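Data block below; observations after.
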Protein chains: 2
Amino acid sequence: MAVRAGAEQAEKLRAAGLRPTRQRMALGRLLFKGQDRHVTAESLHAEASAQGVPVSLATVYNTLHQFTEAGLLRQVVVDGARTYFDTNTGDHHHFYCEDDGQLVDIAGDSIVVDGVPVPPRGAAVERIDVIVRLRRR
Amino acid sequence: MAVRAGAEQAEKLRAAGLRPTRQRMALGRLLFKGQDRHVTAESLHAEASAQGVPVSLATVYNTLHQFTEAGLLRQVVVDGARTYFDTNTGDHHHFYCEDDGQLVDIAGDSIVVDGVPVPPRGAAVERIDVIVRLRRR
DNA sequence: CTGTGTGCAAACTCTTTGCATAAGT
DNA sequence: ACTTATGCAAAGAGTTTGCACACAG
């Protein structure tokens, strides 16, 4: 089972054109086991370290970007200070709590955005992000 | 007319609880004369300098934040790298061109967002941001 | 006068980069 | 072996802060 999971990880990485190195395997396991999650480079680095996986912060950044380019992750911009990465790459939106920085998914088919004007000449819509900003009551 | 505008600026600042200093007057004039605009600290600082108004970058940052707290500006988060400030504080959304970093307003009554789930317990919706990300064709 | 604002430079945070070493195939 | 990835430490961008001086009321 552990072997099986490892093999799947390796396959996933290879399919993305990335060599299945120890670090990428370990980070991939943290990211893609279980349900969708939101991480920052810092949080993922801390998590890996806590589990005894030695990875440098620079490698975490590299890996997150490589995963993003490979379409395995998606970047979420909600706060200028830090960059979030989302393992859910499908069509969906976010709740963002400004007080604690927590990010929660909103299913893509739940929200409907209507009335988007035609984009300016020479530009095409790449994606529509909806961020529902929350505040503690 | 110039006098008149100056007096209006001063009044606007006083109303916001800010002393009408040279720098704040100058920045306010750049920001609020004419139509709505989007600036970054850098761009506004460059603009002020170009017009011969000596303002330090630190003061531009301070002023932008003070204006924002006073409700004269609104912060727009579209890119992790830099912070944009919008002189349009009303209900509206944005086109954001990832290629050149250009930000364009979308009237608030144009876009309709439907189906937003109820926020998690203990949280209240503060605002809904819609960002239509564009790419050059 | 008295308190607030400003400018400068240094500090700070998050992120990226260069280069020698290590690991993958 | 040959190539690509990693780690470290240093650089980099954007933003914030501390403190002495200047200005508004």
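Below, chains carry the letters A, B, ... as their sequence lines are ordered, and counting in each starts from 1. Keep in mind it's a predicted model, so treat the numbers as computed, not measured.
Regarding Phe85(B), its CZ atom lies at a distance of 12 Å from the C1' atom of dG14(D), rounded to whole Å. Atom-to-atom, CD of Gln75(B) to P of dG14(D) comes out at 16 Å; the value is rounded to the nearest Å. Atom CG of Leu18(A) is separated from atom C1' of dA5(D) by 11 Å (rounded to the nearest Å). Between the P atom of dT6(C) and the CD atom of Gln66(B) lies a distance of 6 Å, rounded to the nearest Å. What separates CD of Glu42(B) from C1' of dT16(D) is a distance of 14 Å, to the nearest Å. Atom CZ of Phe67(B) and atom P of dG5(C) are 12 Å apart (whole Å). Rounding to whole angstrom units, CE of residue Met25(B) and P of dT6(C) are separated by 12 Å. Rounded to whole Å, atom C1' of dT16(D) lies 14 Å from atom CD of Glu69(B).
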*Go through the steps to decide whether Asp86(A) and His94(A) satisfy the test side chain to side chain donor-acceptor pair (under 3.5 Å), and finish with yes or no.*
CA-CA 10 Å; Asp86(A) 191 342; His94(A) 296 99; 2.8 Å; yes

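Ser49(B) places a side-chain N or O within donor-acceptor distance of the main-chain N or O of His45(B), the cut-off being under 3.5 Å.
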*How does protein contact run along nucleotides 16-25 of chain C, one letter per nucleotide 5' to 3', with B for base contact, S for sugar-phosphate only, - for none, heavy atoms under 4.0 Å?*
BB------SS

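In this structure, Thr83(B) reaches the sugar-phosphate backbone alone: every heavy-atom distance under 4.0 Å involves primed, P, OP1 or OP2 atoms, never a base.
Between dG5(C) and Arg24(B), a contact under 4.0 Å exists linking OP1 or OP2 to a side-chain N or O. Checking the phosphate oxygens (OP1, OP2) of dT6(D), no side-chain nitrogen or oxygen of Thr59(A) falls inside 4.0 Å.
Ring centers of His65(B) and Phe85(B): under 6.0 Å apart, within the cut-off.
With respect to the salt-bridge test (charged N to carboxylate O, under 4.0 angstrom), the residues Asp36(A) and Arg74(A) do not qualify. The pair Lys33(B)-Glu8(B) does not meet the salt-bridge criterion, since no charged nitrogen lies less than 4.0 angstrom from a carboxylate oxygen. Between Arg136(A) and Glu126(B) no salt bridge is recorded (no basic side-chain N to carboxylate O distance below 4.0 Å).
Where the helix from dC1(C)-dG25(D) to dT25(C)-dA1(D) starts and where it ends, the local axes point in directions that differ by 30°; five pairs per end, rounded to 10°.
Side-chain contact between Val77(A) and Asp129(A) is absent, with no heavy atoms from C-beta onward closer than 4.5 Å.
Judged by distance alone, the side chains of Tyr84(B) and Asp79(B) never bring a donor and an acceptor atom under 3.5 Å apart.
Considering OG1 of Thr89(B) and CD of Gln75(B), their distance stands at 13.5 Å, rounded to 0.5 Å.
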